[in-house]
Amino acid sequence: MLRIYDTQTGGKKEFVPVNEGRVGMYFCGMTVQSEPHVGHMRVAVVSDIFRRYLRYKGYDVTLVINFTDIDDKIIEKARERGVDYQEIAQENIDKFMEFLAFLGAERADHYPRATEHIDDIIAFVERLVEKGVAYESGGDVYFEVGKWPDYGKLSKRRLEDLVAGASERVELDDRKRNPEDFVLWKAAKEGEPSWNSPWGKGRPGWHIECSAMSTKYLGEHFDIHGGGTELIFPHHENEIAQTEAATGKPYVNYWVHHGLVNLVGEKMSKSTGHFKTMAEISKRFPSDVVRFYLLSTHYRSEIEFSDERLAEAETAIERFENLFRTLERLVGPEGEGEVAAGASAAVADARRRFLEAMDDDLNTAQAIGHLFDVVRVINQKIGSGAEKPVLRSDRAVLRELSGILGLLEGVGTALEQVPAEVLELVRARTEAREARDWALADEVRDRITALGYRVEDTSEGPVARKNK
RNA sequence: GGCGGCGUAGCCAAGUGGCUAAGGCAGAGGAUUGCAAAUCCUCGAUUCCCCGGUUCGAAUCCGGGCGCCGCCUCCA
């Protein structure tokens, strides 16, 4: 039984879909004002894990991830560079997609952009105005928070506290009736991109796009809505208020919030310039390493980003790679050869525990622990000369489970090609070793190393492998 | 000030009332090896930030400290 933690109820709940056999998920992607950093990639990996596991459980999953492609900073940046705002947006969307692929995240079913859904957004705002919970003022349209009694139910805030806190921080805007009201539609300023609306030229406020786009693709009541914890308030709180006020029904069943990625003890943030870009990371570390690192902590916990953490992840992931490659050498490619009827007992047991961990709010950290047990058991079996069919069926479990995590796809599915030059050196080294000329053998090994390969003397003879 | 969360071995990280407190990285010893690499075995918290309390029993629940983080303003 799959249980998922819901921010609104503050606990884990058994997962029951709105529509039997199907799951609708919406994750807040990014405001494409600058290039993606590692923090943005966590949502990509978390949404991907949810999708993979729900699909593994037999659900037909629809995943939607949005892009906010119009906001003050995008406009500002476009002005600075003297280009159209869409150019800035597109550039960063392309990068996001690139890193999504780098991280082994499958493409979502829809990637809606705010500017491509202006009509839907306007219609949504009109509904709110008709219901009397939103009002027009000077070309802006605001949601009147005081008209929505449930306001604060997600973030557990009381309106009075907000008003008290806001008085010190928020500039009073005389177009608002109340300081806590938030904007649904912003009147255009001179020279800004704008769209026609019943309230004159303008553009959508930030929160409304997610209500309009999520319900458009997933229906007015759907299963899972996710994003970083920083979005709980005000963004998701506002989304609930808008959507439930408009539709008169519950909006989302499971609010899923992942912890933030910190850098030297502080969250990464575009506005403070305190972040590592994905471009930087993807150049230095392989995809599986970054993904493994992001999955080695539970998604709801904060995670510290550092080179040391990634280096550890790299060492850890090599154990899996080594095993897949060793197995391929020993028992041949996957899908070929005789396979034993079931996995061996210890592997089957670890598999059961892995799935239990995943059922418990997608506890990938714990699941990975059990995956290492699978690795150890298989290595032990190799060491004790287990039969090939047994190794093949155990390997199938390793493949199944690492596949749920989206790790190691393509690793050990084809022995790597080693250049003739390296093979020649391996042969030369073997000859030197047979002549017990250790000095020469080591010298040849150094030359192999210099070519970026390393040689390992296995029970079946020397094997050359490319270094990282 | 208000709201939410965290504090587990050198580091990272599971575990949220009851078997020996997962797993990874680092380290030590051993097996194997000409030496390595890879792999396996053994070793580490008498204890879970501190102090009280509840309980037959607490890392896990309650109260109080201390420290850290996030949100309350655009942000995954």
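Computed over heavy atoms, backbone and side chain alike; hydrogens, waters and symmetry mates excluded. Letters A, B, ... mirror the listed sequences (proteins, then strands); counts begin at 1.
- An OP1 or OP2 oxygen of B:C71 is reached within less than 4.0 angstrom by a side-chain nitrogen or oxygen of A:Lys267.
- Counting non-hydrogen atoms under 4.0 angstrom, A:Gln366 reaches a base of the nucleic acid.
- Residue A:Lys156 is classed as a sugar-phosphate contact, given heavy-atom separations below 4.0 Å to backbone atoms only.
- Checking A:Leu398, A:Asp373, A:Val377 one by one against A:Val347, the side-chain contact (heavy atoms from CB on, under 4.5 Å) holds for a single residue, A:Val377.
- A cation-pi arrangement is found for A:Arg300 relative to A:Tyr5, the charged atom lying closer than 6.0 Å to the ring centre and inside a 45° cone about the ring normal.
- Pairing of B:C3, defined by two Watson-Crick or G-U wobble distances under 3.5 Å, is identified with B:G70.
- B:U32: no Watson-Crick or G-U partner with both key distances under 3.5 Å is found in any strand.
- Pairing of B:U47, defined by two Watson-Crick or G-U wobble distances under 3.5 Å, is not identified with any nucleotide.
- Residue contacts shown for A:Met41 are absent, as no nucleic acid heavy atom lies under 4.0 Å away.
- Distances shorter than 4.0 Å separate none of the side-chain N or O atoms of A:Arg300 from OP1 or OP2 on B:G5.
- In this structure, the ring of A:His207 has its center no less than 6.0 angstrom from the ring center of A:His236.
- Between A:Phe182 and A:Phe143, the two ring planes are parallel [angle under 30°; tilted spans 30° to 60°].
- Pairing of B:G52, defined by two Watson-Crick or G-U wobble distances under 3.5 Å, is identified with B:C62.
- Nucleic acid contact class of A:Arg309 (heavy atoms, under 4.0 Å, all strands): sugar-phosphate only.
- A donor-acceptor pair under 3.5 Å is absent between the side-chain atoms of A:Arg392 and the main chain of A:Glu334, judged by distance alone.
- In this entry the distance linking CG of A:Leu310 with P of B:C25 reads 15 Å, nearest Å.
- Positionally, the nearest nucleotide of RNA chain B for A:Lys12 lies more toward the 5' end than for the other of A:Thr326 and A:Lys12.
- Under the Watson-Crick and G-U wobble criteria, each requiring two contacts below 3.5 Å, nucleotide B:G57 is left unpaired.
- Under the stacking criterion of a centre-to-centre distance below 5.5 angstrom and an interplanar angle below 30°, A:Phe372 is not stacked against the six-membered ring of B:G23.
- Here the P atom of nucleotide B:C25 and the CG atom of A:Asn322 are 11 Å apart, to the nearest Å.
- If you take CD1 of A:Ile232 and P of B:U73, they are 15 Å apart, rounded to a whole angstrom.
- Under 4.0 angstrom from either OP1 or OP2 of B:A76 there lies at least one side-chain N or O belonging to A:Thr31.
- Rounded to whole Å, atom C1' of B:A76 lies 12 Å from atom CZ of A:Phe67.
- Spacing between B:C48 and B:C61 at atom C1', rounded to whole Å, works out to 15 Å.
- Using a 4.0 Å heavy-atom criterion, one finds that A:Val463 contacts no nucleic acid atom at all.
- Residue contacts shown for A:Asp457 include a base, since a base heavy atom lies under 4.0 Å away.
- Side-chain nitrogen and oxygen atoms of A:Asn363 include at least one within less than 4.0 Å of the OP1 or OP2 phosphate oxygen of B:G15.
- Nucleotides B:A59 and B:U55 have their C1' atoms positioned 16 Å apart, rounded to a whole Å.
- If you take NE2 of A:His258 and P of B:C69, they are 19 Å apart, rounded to a whole angstrom.
- Contacts of A:Asp442 with the nucleic acid, taken as non-hydrogen atoms under 4.0 Å apart, include base atoms.
- At a threshold of 4.0 angstrom between heavy atoms, the contacts of A:Ser269 include nucleobase atoms, whether or not backbone atoms are also involved.
- With a cut-off of 3.5 Å on both pairing distances, B:A22 has no Watson-Crick or G-U wobble partner at all.
- A:His40 places a side-chain N or O within 3.5 Å of a backbone atom of A:His37 that can act as its donor or acceptor partner.
- Using a 4.0 Å heavy-atom distance criterion, A:Ala316 is classed as a sugar-phosphate-only contact.
- The aromatic rings of A:His117 and A:Tyr217 lie perpendicular to each other, with more than 60° between the two planes, well past the 30° mark.
- Checking A:Val261 against A:Tyr5, the closest nucleotide of RNA chain B that is more toward the 5' end is the one next to A:Tyr5.
- Within the 4.0 angstrom heavy-atom criterion, no nucleotide atom of any strand lies near A:His235.
- Taking only side-chain nitrogens and oxygens, A:Arg433 never comes nearer than 4.0 Å to OP1 or OP2 of B:A36.
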